Each structure stands twice: as C-alpha cells, then as structure tokens.
Amino acid sequence: MLTLKYITENTDDVIARLAKKHFDGAALIAQVVELDKERKTTQSQLDSSSAEMNNLSKEIGMLFKQGKQAEAVAAKEKTTVLKETIKNLGDKLSETEQTIINILVQIPNLPHASVPEGKHAEDNKVERTGGPMPNLPENALPHWDLAKKYDLIDFELGVKISGAGFPVYKGKGARLQRALINFFLDNAREAGYLEVQPPYVVNASSGYGTGQLPDKEGQMYHCEVDDLYLIPTAEVPVTNIYRDVILDEKDLPVKNTAYSACFRREAGSYGKDVRGLNRLHQFDKVEIVQIAHPDTSYDRLTEMVNYVQTLVDKLELPWRILRLCGGDMSFTSALTFDFEVFSAAQQRWLEVSSVSNFESYQANRLKCRFKGADKKTQLCHTLNGSAMALPRIVAALLENNQTPQGIRIPKALVPYTGFEIID
RNA sequence: GGAGAGGUGCUCGAGUGGUUGAAGAGGUACGCCUGGAAAGCGUAUAUACGGUGUGGAAUCGUAUCGAGAGUUCGAAUCUCUUCCUCUCCGCCA
C-alpha cells in the first residue's frame with residue numbers, strides 16, 4: 001500500500017496519477033487525509049493523558065513508600081476518570097488506524113511516468129521483439145494434440161486424480177519439465193541470484209505481506225484446518241523472507257531466485273483461453289526477486305527484463321516485450337513488462353513472464369526497510385519477475401518446434417533434457 | 001499424538017509489581033591511547049507514532065520485553081487466550 005505520509009503530502013498528485021490506472025481515488029483519498037488528521041489529534045490526546053497517568057502512578061508509588069496512605073488513596077481516585085479517558089482514546093485510535101488501513105489497501109500503486117495510457121491489453125506498448133518466427137506447415141498441431149500424440153501430458157488422468165487443471169506429465173514430457181526448471185535456475189544463479197527453496201504453503205501473515213490477502217483470498221487454495229495457504233507463486237514466500245526486516249544499505253540489491261510449484265484456484269472462463277496448458281491450477285515456475293535501493297530500482301528492473309530476454313533467446317522462441325498500459329497493469333505494480341512468446345499453432349501470443357517494479361508499495365506492507373550510512377531507515381523497493389513460468393513455454397516449444405520427425409529441443413536445453421528430439 | 005520447559009534489545013543473558021527501554025557480557029561503530037596493532041579507557045548502538053524545532057540537527061512525549069485480552073494507581077514481572085520454539089516418548093519419509 002501507499003504510505004500515508006506520501007498521500008497526505010502529495011494529495012493532488014496522487015489522484016492525478018491514479019487516473020492513469022483508471023482509478024478514481026479522490027473520495028477515498030479525501031477520506032483518508034481527514035482520518036489522518038483525526039488520528040493525529042487522538043494520538044496527541046492519548047499521549048498527554050498517558051503521560052499524566054504515568055506521573056500520577058509514580059507519585060502514588062512514592063506516597064506509599066513514604067507512608068502517606070491518606071494522600072495516596074486520594075491520588076488514586078483521580079486516576080479513575082483518567083483511566084476511562086485513556087481507554088476510550090485508545091479504542092478510538094486503533095479504530096481510526098484500522099479504518100485508514102482498510103482504505104489504503106483499496107488504493108492501487110501509482111503508475112510510473114513511463115506507463116502508457118490505455119485501458120486494455122491492446123493498448124500495451126510493444127517495446128521490442130525478437131527470436132525466430134517459425135514457419136509451420138498447414139496441418140500444424142496445437143500443443144494439446146502434440147502432448148497426446150507423443151504421450152507427454154495426460155490431462156484426463158489429472159482430472160481423475162485431482163480435477164481439471166492438474167495435468168500429469170509423462171516420460172519426455174516430465175523430463176522436459178525438470179530440464180526447464182534446472183535450466184532456469186542455473187541461468188538465474190549465473191546472473192547473480194541466490195537460489196532459495198521456500199515452503200509451498202504460507203501463513204496468513206505472509207499472505208498479507210505480499211498482498212494476496214485480504215482481497216484475493218479466493219485465488220489461493222486454503223488448508224483450513226491449519227489455516228495455511230498454498231502459494232500462487234514463489235514470490236509470496238521469497239518476498240516474505242524480508243518481512244519486518246531492516247537491511248543494511250550495502251547489502252542491496254538482494255537477488256533471490258526460487259523454483260516452486262504454483263497453485264491457483266482461478267475459477268475462470270472456459271474455451272480456448274484455458275485449453276491445454278494455457279491456464280492451470282498447478283504449474284511450475286522459477287521466480288526472480290530483487291530488493292533494491294529506491295534510487296536504482298529502475299536500473300534493476302531493466303536488468304531483470306534483459307535477463308529474461310536472454311532466456312527466451314536461448315530457447316529460440318519468438319518473443320515480444322510489452323510495456324503494460326495503465327489499465328492492464330496489476331494493482332500493486334508501478335511498471336510492468338510482460339514477455340509473450342508466439343504460439344504458432346494457436347496463432348496467438350502467450351504471456352510467459354511478467355517483470356514488475358512495485359517500488360515501495362509492497363515493501364510498505366512488508367515493512368521491508370534498509371538503513372544507510374546516514375542512519376535513516378527507509379522503505380526498500382521490491383521487484384519480481386517470472387523467469388519463467390513453464391506451461392506456456394512448453395506449449396510454445398512443442399508447437400513451434402514440431403517437425404515431421406518429431407519435436408526438436410532447442411540446443412541450449414539439450415544438456416538438461418538429455419535428448420534432442422521428442423518422437 | 002502424550003509429558004515437560006521456555007519465548008526479554010544485533011547476540012547471549014539478568015530481571016516475580018514502582019524512574020527497567022530494560023543490569024551485565026559479547027558484537028559493532030566512533031574517539032582516546034600506540035610508531036602501527038592488540039590490550040586498555042571513553043562514548044554510542046531498537047522501532048513506530050505524535051509534539052516543539054532546525055540549514056543539518058536536536059529535543060520532549062507515548063507505545064512496544066512473541067501476540068492479544070485482563071487484574072492493578074502502576075505489569076517484562078500476576079491471570080486468561082493464542083502463536084511459536086526446545087527436550088523426552090510415540091509415530092513416520
């Protein structure tokens with residue numbers, strides 16, 4: 001969430017910038033500014049009452065020690081009203097604070113100045129494109145047919161065991177998964193990311209920390225008996241490593257990478273958008289996360305985008321990078337670049353990675369801060385990106401590399417798969 | 001799952017109702033000392049919110065001893081709830 005300080009000091013600017021995200025924040029922000037004034041007043045009143053109480057208590061203690069019973073008892077009586085006042089002010093304060101937070105979480109992050117205007121995905125700006133566009137024959141198959149033809153992925157079997165959206169990978173299909181995970185992790189490590197292996201279930205505090213809770217509760221699987229949530233992305237546990245942490249400025253940027261299975265309930269639409277591997281309840285992903293100094297977080301973002309580009313290049317896939325427009329960006333992001341690869345048989349672009357700078361929006365909730373040489377504590381910037389999500393990469397690999405002899409594996413991946421062709 | 005112990009500052013660790021935001025030690029930083037270093041000495045070393053205030057600073061108040069609620073004039077210290085950790089037994093990849 002945005003910091004209250006920033007909102008109260010830049011009210012008009014905040015409202016203006018939110019407009020790019022097609023969010024009318026005027027009413028909420030007016031309300032929160034007003035509540036903040038109320039909060040400060042209440043805080044002052046509470047503080048002075050508490051101070052008075054503390055002094056009285058000390059006095060009473062002294063009186064008892066000196067044996068002045070009568071005076072002590074008299075002083076005691078004065079505390080009764082004061083006590084009541086403190087209780088009421090305390091209640092009022094926490095109520096106001098809670099209301100403020102409830103409003104703050106409804107206000108999205110401010111888009112970066114470079115975010116293009118626009119409402120829908122069509123308004124996203126193509127930054128650059130690359131990779132070889134395949135030339136497929138007329139009878140090219142979509143990946144779900146290829147998966148069946150070569151017995152790589154069994155969707156029906158997954159339905160039997162768990163339900164729709166939980167495919168069973170088999171043989172070279174399973175090995176391809178494992179190869180991609182290792183390929184992505186090795187590349188990330190070589191790019192300076194520390195590999196971590198996080199838990200796949202998280203507690204509610206972690207859910208709040210990265211913003212899945214409270215508003216997106218329905219998107220996560222919830223183990224109610226233990227009140228734990230299956231992670232929708234490794235971003236959640238990895239970023240929460242830095243919850244309530246004050247880092248040393250010289251340790252920035254922190255760069256972590258993690259593989260995890262990802263679980264998403266996403267009871268969405270049906271049809272070609274969710275066919276095959278396009279949308280799943282469980283899938284594999286390697287995530288990269290950076291905790292950065294505010295002054296250089298956009299350099300870090302560029303670095304991350306360039307890094308992801310090396311991956312799609314090595315995989316020899318046709319790709320494009322989109323700078324998301326205000327209307328298509330996520331709630332929490334300040335600037336997002338999406339990577340899409342072209343799926344030749346489906347004749348459509350598939351989103352395979354999303355790289356974002358959240359600035360201090362996420363760090364504010366996480367209370368992830370750093371302390372510099374000047375001893376001042378301030379919020380870090382957090383960034384993350386998929387590097388990458390497997391299913392759509394697999395879809396594109398299968399479709400784009402199909403030949404009459406079988407499916408060709410890109411050279412960079414062969415050391416990981418141990419085979420050059422799926423036939 | 002059964003039985004027990006415990007959660008205090010960067011770390012260790014004292015503290016069972018009254019200047020204890022917290023002794024002591026260690027660590028770290030700065031200064032002194034030294035030819036240089038070690039040792040020694042001195043000083044500093046949490047966070048948040050609020051007030052006054054500045055060029056930068058500073059300073060005062062309040063809260064925080066796992067979390068929440070309660071008892072009390074007053075709670076790290078007493079009571080309850082809850083979370084977590086550890087030890088032994090059981091079970092188990």
Side-chain angles (χ1 to χ4, degrees), chain A residues 1-9 32-104 197-209 213-214 222-229 237 240-252 254 261 360 363-380:
Chain A
M1 57 192 180
L2 297 173
T3 64
L4 194 49
K5 191 167 150 65
Y6 190 85
I7 292 177
T8 52
E9 286 172 5
V32 89
V33 167
E34 201 47 50
L35 282 165
D36 188 42
K37 281 185 198 154
E38 196 179 310
R39 184 191 119 253
K40 283 185 186 176
T41 312
T42 311
Q43 172 92 55
S44 292
Q45 290 170 347
L46 177 62
D47 283 359
S48 53
S49 295
S50 299
E52 203 180 324
M53 184 62 133
N54 287 344
N55 288 332
L56 258 178
S57 297
K58 277 177 199 164
E59 227 174 88
I60 291 169
M62 292 298 288
L63 290 172
F64 271 122
K65 239 177 219 169
Q66 294 165 5
K68 299 177 181 169
Q69 296 290 334
E71 284 179 56
V73 172
K76 260 194 190 180
E77 280 174 18
K78 281 201 278 186
T79 63
T80 319
V81 180
L82 204 50
K83 216 174 159 183
E84 187 66 19
T85 310
I86 289 172
K87 171 106 175 66
N88 290 338
L89 286 171
D91 289 349
K92 188 179 170 194
L93 183 66
S94 46
E95 198 181 306
T96 308
E97 283 173 342
Q98 192 51 53
T99 313
I100 288 172
I101 287 176
N102 289 345
I103 292 172
L104 286 180
Q197 209 176 79
Y200 291 0
V201 293
V202 295
N203 57 28
S205 298
S206 295
Y208 280 100
L213 297 175
H222 185 200
C223 313
E224 287 183 28
V225 186
D226 298 299
D227 195 24
L228 293 170
Y229 296 85
N240 270 286
I241 293 173
Y242 304 97
R243 169 156 53 88
D244 293 320
V245 166
I246 299 178
L247 293 156
D248 200 323
E249 186 175 18
K250 67 176 189 294
D251 294 331
L252 299 177
V254 170
S360 62
N364 189 32
R365 256 213 223 190
L366 284 169
K367 293 213 199 67
C368 173
R369 293 160 293 177
F370 72 93
K371 192 180 280 196
D374 58 359
K375 300 276 186 190
K376 281 222 176 92
T377 306
Q378 57 174 313
L379 291 170
C380 299

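Heavy atoms only: backbone and side chains are in, while hydrogens, waters and symmetry mates are out. These numbers come from a predicted model, not from an experiment.
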Discussion item. Would you say CD of A:E95 has more than 12 non-hydrogen atoms from neighbouring residues, nucleotides or ligands within 6.0 angstrom?
Written reply: no

Worksheet item: Just wondering, more than 12 heavy atoms not from A:Q197 lying within 6.0 Å of its CD?
Response: no

Discussion item. With side chain to side chain contact (heavy atoms under 4.5 Å, CB included) as the criterion, how do A:E38 and A:K92 come out once you've worked through the C-alpha distance, each side chain's angles and the decisive distance to 0.1 Å?
Written reply: CA-CA 10 Å; A:E38 196 179 310; A:K92 188 179 170 194; 4.1 Å; yes

Practice prompt. Could you check A:Q43 against A:L56 and say which one's nearest nucleotide on RNA chain B is further toward the 5' end?
Written response: A:Q43

Item to complete: Would you mind telling me which residue lines up with the more 5' stretch of RNA chain B, A:T377 or A:S44, judged by nearest nucleotide?
Response: A:T377

With a 4.0 Å cut-off on heavy atoms, is [X] in touch with a base, just the backbone sugar-phosphate, or nothing at all?
{"X": "A:K37", "result": "nothing"}
{"X": "A:S49", "result": "nothing"}
{"X": "A:A75", "result": "nothing"}
{"X": "A:K76", "result": "base"}
{"X": "A:L46", "result": "nothing"}
{"X": "A:S57", "result": "base"}
{"X": "A:K371", "result": "sugar-phosphate"}

Worksheet, complete the sentence: With a 4.0 Å cut-off (strictly under) to non-hydrogen atoms of chain A, the first and last hit nts on RNA chain B, 5' to 3', are B:rG18 to B:rG74

Could you give the distance separating [M] and [N] at their [atom1] atoms, to the nearest angstrom?
{"N": "B:rU20", "M": "B:rA75", "atom1": "C1'", "answer": "11 Å"}
{"N": "B:rU54", "M": "B:rU62", "atom1": "P", "answer": "24 Å"}
{"N": "B:rA22", "M": "B:rA29", "atom1": "C1'", "answer": "22 Å"}
{"N": "B:rA57", "M": "B:rC73", "atom1": "P", "answer": "44 Å"}
{"N": "B:rG9", "M": "B:rU81", "atom1": "C1'", "answer": "26 Å"}
{"N": "B:rG35", "M": "B:rG26", "atom1": "P", "answer": "26 Å"}
{"N": "B:rU8", "M": "B:rU85", "atom1": "C1'", "answer": "15 Å"}
{"N": "B:rU19", "M": "B:rG56", "atom1": "P", "answer": "38 Å"}

Can you tell me if [X] uses its side chain to pair, donor with acceptor, with the backbone of [Y] under 3.5 Å?
{"X": "A:R39", "Y": "A:E97", "value": "no"}
{"X": "A:T3", "Y": "A:Y6", "value": "yes"}
{"X": "A:T79", "Y": "A:A75", "value": "no"}

With side chains defined as the heavy atoms from C-beta onward, is the minimum distance between [X] and [Y] less than 4.5 Å?
{"X": "A:L228", "Y": "A:V202", "answer": "no"}
{"X": "A:I241", "Y": "A:V254", "answer": "no"}
{"X": "A:L46", "Y": "A:I86", "answer": "yes"}

Worksheet item: Does the side chain of A:N102 come under 3.5 Å of the side chain of A:Q98 through a donor N or O and an acceptor N or O?
Response: yes

Discussion item. Tell me which residues in residues 88-98 of chain A lie within less than 4.0 Å of RNA chain B, going by non-hydrogen atoms.
Written reply: none

Worksheet item: Roughly how far apart are A:Q43 CD and A:K40 NZ, rounded to 0.5 Å?
Response: 10.5 Å

Worksheet item: Going through the checks in order, is the side chain to side chain donor-acceptor pair (under 3.5 Å) test met by A:N203 and A:S206?
Response: CA-CA 6 Å; A:N203 57 28; A:S206 295; 3.1 Å; yes

Discussion item. Let me check I have this right: for RNA chain B, each base becomes ., (, ), [, ] or |, based on Watson-Crick or G-U pairs with both distances under 3.5 Å. What is the full string?
Written reply: ((((((((.[[[..)..(.....]]]((((((.......))))))(((((((.....))))))).[[[[[..)....]]]]])))))))....

